[in-house]
Amino acid sequence: MQIFLIDFLLWNFGVMLIYGLDKLCAIYSFRRVSEQALLACAFFMGSFGAVLGMALFHHKTAKQKFRFFVTLACVVNAVILGVLASVLL
């Protein structure tokens, strides 16, 4: 269980950094991370990192699509974590 928790936290930290990197690329007109990749990171158990990245870097916060899908990913991820916790504990 501890290994899963550490992996989960590291993955979410990485997702937050990906959102920050995309914001940096947007500022300097470099090649961007695709919206599909950003949302996929959120849905693959990285929604909490996506929320942190959006808040810390003020990235994609004005886009209704991102606010909806990242919130949906948070709900889905919370349900998955709840099921995993009930099975593993």
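Please read all numbers here as calculations on a predicted model, not as lab measurements. When reading the values below, keep in mind they use all heavy atoms of this one structure, side chains included, and skip hydrogens, waters and symmetry mates.
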A.B. asks: Could you tell me whether the side chain of Arg32 and the main chain of Cys25 form a donor-acceptor pair under 3.5 Å?
C.D. replies: no
A.B. asks: Would a hydrophobic clustering, with Ile, Leu, Val, Met, Phe, Trp and Tyr connected at side-chain separations under 4.5 Å, put Phe69 with Trp11?
C.D. replies: yes
A.B. asks: Quick check: is Phe30 connected to Ile27 through a chain of hydrophobic side chains (ILVMFWY, heavy atoms under 4.5 Å apart)?
C.D. replies: yes
A.B. asks: Is there a path of hydrophobic side-chain contacts, each under 4.5 Å between heavy atoms, that joins Leu10 and Met16?
C.D. replies: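 In one cluster: no.
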A.B. asks: Report yes if the side chains of Leu81 and Phe8 come closer than 4.5 Å at any heavy-atom pair, otherwise no.
C.D. replies: yes
A.B. asks: Do Val15 and Leu17 share a hydrophobic cluster, counting only Ile, Leu, Val, Met, Phe, Trp and Tyr and linking them when any side-chain heavy atoms are less than 4.5 Å apart?
C.D. replies: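 As far as the 4.5 Å side-chain criterion goes, Leu17 and Val15 are not connected within one cluster.
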A.B. asks: Tell me, which pairs form a side chain to side chain donor-acceptor pair (under 3.5 Å) where one or both residues lie in residues 1-10, sequence neighbours left out?
C.D. replies: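 Sorted result for residues 1-10: empty, none.
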A.B. asks: Taking the side chain as everything from C-beta on, heavy atoms only, tell me whether Lys63 gets closer than 4.5 Å to Glu35.
C.D. replies: yes
A.B. asks: Quick check on Leu88: does its CG atom have over 12 non-hydrogen neighbours (other residues, nucleotides or ligands) under 6.0 Å away?
C.D. replies: yes
A.B. asks: Check whether Phe66 and Phe68 end up in the same hydrophobic cluster, where Ile, Leu, Val, Met, Phe, Trp and Tyr are linked by side-chain heavy atoms less than 4.5 Å apart.
C.D. replies: yes
A.B. asks: Please list, one pair per line, the donor and acceptor atoms closer than 3.5 Å that link side chains of residues 37-59 to other protein atoms, with sequence neighbours excluded.
C.D. replies:
| unit_1 | atom_1 | unit_2 | atom_2 | d |
| --- | --- | --- | --- | --- |
| Ser47 | OG | Asn77 | OD1 | 2.8 |
| His59 | NE2 | Asp22 | OD2 | 2.6 |

